[in-house]
Asks: 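Got a structure for you, questions after.
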Amino acid sequence: MNPILTIFQRELRSYFATPVAYVFIVIFLLLSGAFTFYLGGFYERGQADLEPFFRFHPWLYLFLVPAVAMRLWADERKSGSIELLLTLPVTMWQAVVAKFLAAWCFIGLALALTFPIWITVNVLGEPDNGVIVAGYLGSLLMAGAFLAIGACLSAASRSQAVAFILSVVVCFLLLLAGFPLVLDLFRAIAPQGLVDAIAGLSFFAHFNAISKGVIDLRDLLYFVFSIGFWLYANAVVIDLKKAD
Amino acid sequence: MITTTALTKRYGDFTAVDQISFTAEPGQVLGFLGPNGAGKSTTMKMLTGFLAPTSGRATVCGFDVEEQPLQAKKALGYLPEGAPSYGEMTPRGFLDFIAALRGLSGAYRKQRLDDVIGRLQLEGVLDQSIDTLSKGFKRRVGLAQAILHDPKVLILDEPTDGLDPNQKHQVRELINAMAKDKVIVISTHILEEVHAVCNRAIVIAGGKLLADATPAELEARSRYHRAVSLTAENPEQAKTALADIADIASIEIDPQDRRLTAFPKPGKAILAAVSEALSSRQIAVSELQLEAGRLDEVFRSITLAQQVEGRA
């Protein structure tokens, strides 16, 4: 069997070996529901779409995805099992990709379990289901990008707590990059090209575009490249830090 | 089967492993001996491909660990220090995982699993999570993982560390049973272990290879080699009795247990002369022993000499 598949299965099972997975899923579902109905005004808007549902996903992921990612490599380093894993006949890439895919799949599962809201909106009105599918796709891709950052930073520390805080900070900066708060600041001191580049890094801009149903190849590529970049960094960090 | 050529690992200015070269053939149980921090584990980590050497090279079954890492990793089994595994898994699940990654399948997979589970007596704990197992069982799960694919080369980092005497004995028996057609490298700082399982010992300290010999050859370097020790009711009287033997270089009486040891001049055998001198003067001796040499003493003299040299 392919080593990626073998490691993937082991990792995914390990989530459900402890109550952590169930706690995570319950918190994710409760929070996404609360945000949609209370902060998003799902009913009050009187529109049959899931915009108030997807709008808060970046903030939800900001804390929940690093919580999933923090154990990925920090735990392996702390217990020493990284030495076992990397001396089995697998390549670094296979290990990095397999662990990432398992965590992504787990988050995808939590996201899929929000399906009742999709049913609800279809019962209440006639939403554009194409936009909703795009919303789920965008949300999943964004979660993947957050996760790749978290995986990379979890390899940088043996401590899960340190890994968590680092990931939240980096993800927060990448989220804020698209906000006027940050952009106005740069607009005052930097040339327009740089401001655009910073805005282009923001998760928000790309996520919003996809979740509105506009599937632009550039937005998809942005997330795919982000994931690729951070996973590459992940492998580099493991190589540098595995000795200590 | 294993070769290292000037294998070196540096961390900044610190040299953890300094130009270690050796070759090991099947049938050899090679013991890495050395004080803590001597570079034993680092050498093993480079042999298994976990750490890249700063310079030099290592091959396992002809495969360079850096250039053909997958083939080298396939040929070897490795028990890292502390026998890490995935605590939330059961030994059954863990060994299944290893079997899958090692590419074992079908009847052979089942045969190998049955074999290691039987050898390491894991039947009783197969469905308990590894976290809940005792240290001895955890170590055995780690060993089971290392030998699952019946590797030609086995690298075991402190396989008996932290085990009770019975468990140590079991692990040593296991190593001896597998030794015939494999290269086995174990690291240890327990000297009795060298006697029990190794037929070759490499002493490492300060990252340098200081000695490479059989345990018997190492013992021969001891000043206790071919010395005669005895316990007499009156050691002082015995000492006087032995004073005339020409081949004896010196006689010491241990201040604690009053045991007398006579050291021979280089290359001389004194046992016959000693026993004759004692019986002719009718000195009662409750115990008389020809010493093979003391490994701990050799170990100390080799590694301490290196430390002094290192400081100079």
Side-chain angles (χ1 to χ4, degrees), chain A residues 1-24 68 71-99 102-103 106 155 158 160 235-244, chain B residues 9-12 16 41-42 44-54 60 63 65 68-90 93-94 96-105 109 129-131 138 141-142 145-146 148-149 151 155 157:
Chain A
M1 200 162 39
N2 187 314
I4 293 188
L5 192 60
T6 308
I7 300 174
F8 173 84
Q9 286 176 345
R10 195 212 74 77
E11 286 284 319
L12 197 56
R13 268 198 212 113
S14 81
Y15 285 103
F16 295 97
T18 60
V20 178
Y22 302 99
V23 170
F24 174 85
V68 174
R71 54 169 288 284
L72 272 183
W73 290 99
D75 217 27
E76 295 257 1
R77 282 187 56 201
K78 195 168 180 213
S79 74
S81 55
I82 187 171
E83 199 172 335
L84 178 79
L85 181 64
L86 295 181
T87 53
L88 288 165
V90 297
T91 64
M92 172 78 86
W93 264 111
Q94 288 167 337
V96 166
V97 169
K99 282 173 83 76
F106 171 67
R158 273 166 196 266
Q160 296 197 10
V236 171
V237 170
I238 294 168
D239 231 6
L240 287 175
K241 298 286 267 184
K242 67 187 177 184
D244 46 67
Chain B
K9 182 76 188 174
R10 277 190 211 94
Y11 298 103
S41 289
T42 309
M44 289 186 152
K45 283 174 184 174
M46 288 192 282
L47 273 177
T48 53
F50 181 65
L51 292 181
T54 311
V60 172
F63 300 112
V65 293
Q68 298 151 293
L70 282 186
Q71 287 96 322
K73 284 172 184 176
K74 276 183 186 151
L76 63 82
Y78 177 38
L79 173 72
E81 193 174 358
S85 57
Y86 294 103
E88 81 283 354
M89 297 179 96
T90 63
F94 180 63
D96 279 343
F97 168 67
I98 301 291
L101 276 186
R102 291 286 185 189
L104 307 183
S105 61
R109 174 180 167 280
S129 76
I130 294 174
D131 269 338
K138 280 182 188 163
V141 170
Q145 163 277 122
L148 185 59
H149 57 302
I155 296 177
D157 200 349

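Values in this document were obtained by computation on a predicted structure and should not be read as measured data. Order of the sequence lines sets the chain letters (A, B, ...), proteins ahead of strands, with each chain counted from 1.
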Asks: Kindly indicate, with the supporting measurements, whether the criterion side-chain contact (heavy atoms from CB on, under 4.5 Å) is fulfilled by Met89(B) and Arg13(A).
Replies: CA-CA 9 Å; Met89(B) 297 179 96; Arg13(A) 268 198 212 113; 6.0 Å; no

Asks: Provide the closest heavy-atom pair for Glu83(A) versus Phe50(B) in the form atom of the first, atom of the second, distance.
Replies: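 So the two residues come closest at CA-CE1, 3.6 Å.
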
Asks: How many angstroms lie between atom CG of Leu101(B) and atom CG of Asn2(A), to the nearest 0.5 angstrom?
Replies: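 Reported value, rounded in 0.5 Å steps: 10.0 Å.
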
Asks: Measure the OG1-CG distance between Thr87(A) and Leu47(B) for me, rounded to the nearest 0.5 Å.
Replies: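 Between Thr87(A) OG1 and Leu47(B) CG, I get 12.0 Å after rounding to 0.5 Å.
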
Asks: Between chain A and each of Lys9(B), His149(B), Arg102(B), Glu81(B), count heavy-atom pairs under 4.5 Å; write down the option with the most.
Replies: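 Maximum pair count with chain A is reached by Arg102(B).
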
Asks: Atom CG of Leu70(B) and atom CD of Gln94(A): how far apart are they, to the nearest 0.5 Å?
Replies: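 So the gap between those two atoms works out to 7.0 Å.
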
Asks: Carefully, step by step, assess Phe97(B) and Ile7(A) under the rule side-chain contact (heavy atoms from CB on, under 4.5 Å).
Replies: CA-CA 8 Å; Phe97(B) 168 67; Ile7(A) 300 174; 4.2 Å; yes

Asks: Can a donor-acceptor pair be found, under 3.5 Å and without considering hydrogens, that links the side chain of Lys73(B) to the backbone of Thr91(A)?
Replies: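 Between the backbone of Thr91(A) and the side chain of Lys73(B) there is no qualifying donor-acceptor contact (under 3.5 Å).
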
Asks: Would a 4.5 Å heavy-atom cut-off, applied to side chains only, mark Phe94(B) and Arg10(A) as touching?
Replies: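 They are not in contact (no side-chain heavy atoms under 4.5 Å apart), so the answer is no.
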
Asks: Within this structure, what is the CD-CZ distance for the pair Glu88(B) and Phe16(A), rounded to the nearest 0.5 Å?
Replies: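 Reported value, rounded in 0.5 Å steps: 13.0 Å.
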
Asks: In Å and rounded to the nearest 0.5 Å, what is the CG to OH distance from Leu86(A) to Tyr78(B)?
Replies: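 Between Leu86(A) CG and Tyr78(B) OH, I get 11.0 Å after rounding to 0.5 Å.
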
Asks: Could you pull out the closest heavy-atom pair between Ser79(A) and Pro84(B), with the gap in Å?
Replies: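 Where Ser79(A) meets Pro84(B) most closely, the heavy atoms are O-CB, 3.3 Å.
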
Asks: Which pair of heavy atoms, one from Thr6(A) and one from Ala100(B), lies closest together, and at what distance?
Replies: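 Closest pair (atom of Thr6(A), atom of Ala100(B), distance): CG2-CB, 3.5 Å.
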
Asks: So what's closer than 4.5 Å to chain A heavy atoms on Ile98(B): side chain, backbone, both or neither?
Replies: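 When you check distances to chain A, only side chain atoms of Ile98(B) fall under 4.5 Å.
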
Asks: Please classify the contact between Gln71(B) and chain A as side chain, backbone, both or neither, with a heavy-atom cut-off of under 4.5 Å.
Replies: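 The answer is neither part of Gln71(B).
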
Asks: For a quick test of reading the model, state the closest non-hydrogen atom pair linking Ser81(A) to Ser85(B) and the distance between them.
Replies: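 So the two residues come closest at CB-O, 3.9 Å.
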
